[in-house]
A.B. asks: 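Just dropping this structure here.
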Amino acid sequence: MFVIQSRQDSKELICLRPEGTASIVRAFNEHHTETVPWKVFSYGPMFRYERPQKGRFRQFHQVTMEIIGSGAISQDVQFIAMLDRFFHEILNINSYALVLNFLGCAQDREQYLIVLRQFMNKSEIADKICDDCQKRKEHNIMRIFDCKNPQCQEIYKNAPYIADHLCETCAQEWHDLQKQLNLLSVSHAYRPTLVRGLDYYNKTVFEFVSKNLGAQDTFCGGGRYNQLVAQLGGNQDQPAVGAAFGMERLMLLLEPLRNQLPIPMPPALHIIIPMTSAQHTLALLLADELRAQDICTDILFEGSIKSMMKKANKLGAAYALIIGETEQENRTVMLKNMTTGTEEAVAQIDVVNRLKK
Ligand code: HAM
């Protein structure tokens, strides 16, 4: 958590928000309990007191998406498939994998933790694990699976996994989840050690990971959190599923694809160049007319004609609309195509139509 003291002389401590799910659940509990399933997204800066490195920051930006009030496992499938299609088909990212695990219900977890503790307490294991895992073993034993120490990882290859200790209902849901993803052609891999960093998850957990990101390889993660609504004061428990992706990590993945992205082109810029101050009023009126027609327009009021043309070029203008004394008298403008360099005199009343062609 990124905790700060509100003022030097105050004992008040403020925790900067580390993620969006809890706030969305509170918004649901306070204002939206009638609308289920409630499907929402939010976007904004998040803060975590991390050791900064590539793709890991103390301030970063997340897009969070949640579906509150639906417990059907097919909802998870629909949600995961939507994310997969978004990354693959809309953003054209191919270099990623979807990894999944199933954490079962509260009862499954209780039973499983007994088995996991038995495994971890075996003397040949307890003596070999790293100091961090010794602490995790006492405080949050399932987080041992996040350990990056190669010796620990080797040991945990033989650990019991929760997906092998599910009740009948959860086992069926886990089976259905994978089957339905297959039916929708969403490639996925079972990762038995995936437990996720936040404690509210149960049943489905998943991550989208990419080798192209280096050590911080997850760019989107989420899962089911069926107990959080009640834990945060909801009158009625509501099952929920959601995920968040990090904008900075997504940008790292998109960087090599920037030329293939379906980014809308910025509108063409038109620069009006009045040759002297005598044409300023006319330039204002003309710009007003063009803007009213959604034609992106600016006026250059200062400088010689040469310097104004240079500036228009630098600004990337598609056309320069030059108005001098002659044009003012003849009620025309000199329309210069900045790409081809061609010029034509156009009647002022025809300029909009000409530019919209
Ligand atoms: P999370 O896995 O902690 O999940 O974060 C989601 C994403 O935020 C990560 O996959 C990563 O892209 C980005 N991210 C997290 N920490 C950092 C960091 N220090 N620097 C840069 N990017 C980061 C959640 O936050 C859950 N609230 C997701 C969720 C929504 N689960 C259910 N609903």
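Both ligands and their constituent atoms are indexed starting at 1 by order of listing. All values reported here derive from a predicted model rather than from experimental measurement.
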A.B. asks: Between D84 and Y96, does any side-chain donor sit less than 3.5 Å from a side-chain acceptor?
C.D. replies: yes
A.B. asks: Whether R224 engages the ring of Y201 as a cation-pi pair (distance to the six-membered ring centre under 6.0 angstrom, angle to the ring normal within 45°) should be assessed.
C.D. replies: no
A.B. asks: Are any side-chain N or O atoms of N101 and backbone N or O atoms of L194, one a donor and one an acceptor, separated by less than 3.5 Å?
C.D. replies: yes
A.B. asks: Any side-chain heavy atom of L253 sitting closer than 4.5 Å to one from L213?
C.D. replies: yes
A.B. asks: Between ligand 1 and the protein, find all N/O pairs closer than 3.5 Å and give the distance for each.
C.D. replies:
residue, atom, partner, partner atom, Å
ligand 1, 2 (O), R196, NH1, 2.9
ligand 1, 2 (O), R196, NH2, 3.0
ligand 1, 3 (O), R48, NH1, 2.9
ligand 1, 3 (O), R48, NH2, 3.0
ligand 1, 4 (O), R196, NH2, 3.0
ligand 1, 5 (O), Q62, NE2, 3.0
ligand 1, 8 (O), Q62, NE2, 3.0
ligand 1, 10 (O), T218, O, 3.4
ligand 1, 10 (O), C220, N, 3.4
ligand 1, 12 (O), T218, O, 3.4
ligand 1, 12 (O), F219, O, 3.1
ligand 1, 12 (O), G246, N, 3.1
ligand 1, 16 (N), R48, NH1, 3.4
ligand 1, 19 (N), E50, OE2, 3.1
ligand 1, 19 (N), F57, N, 3.4
ligand 1, 19 (N), F57, O, 2.8
ligand 1, 20 (N), F57, N, 2.9
ligand 1, 25 (O), R48, NH2, 3.0
ligand 1, 25 (O), Q62, NE2, 3.0
ligand 1, 27 (N), E19, OE1, 2.5
ligand 1, 27 (N), T21, OG1, 2.9
ligand 1, 27 (N), Y200, OH, 3.0
ligand 1, 31 (N), Y201, OH, 2.6
ligand 1, 33 (N), T21, OG1, 3.2
ligand 1, 33 (N), E66, OE1, 2.8
ligand 1, 33 (N), E66, OE2, 3.1
ligand 1, 33 (N), A243, N, 3.2

A.B. asks: Tell me, with the steps shown, if H88 and N94 meet side chain to side chain donor-acceptor pair (under 3.5 Å).
C.D. replies: CA-CA 6 Å; H88 183 64; N94 292 312; 3.1 Å; yes
A.B. asks: As a test of understanding, state which of Q180, Q172, Q178 forms a side chain to side chain donor-acceptor pair (under 3.5 Å) with D176.
C.D. replies: Q172
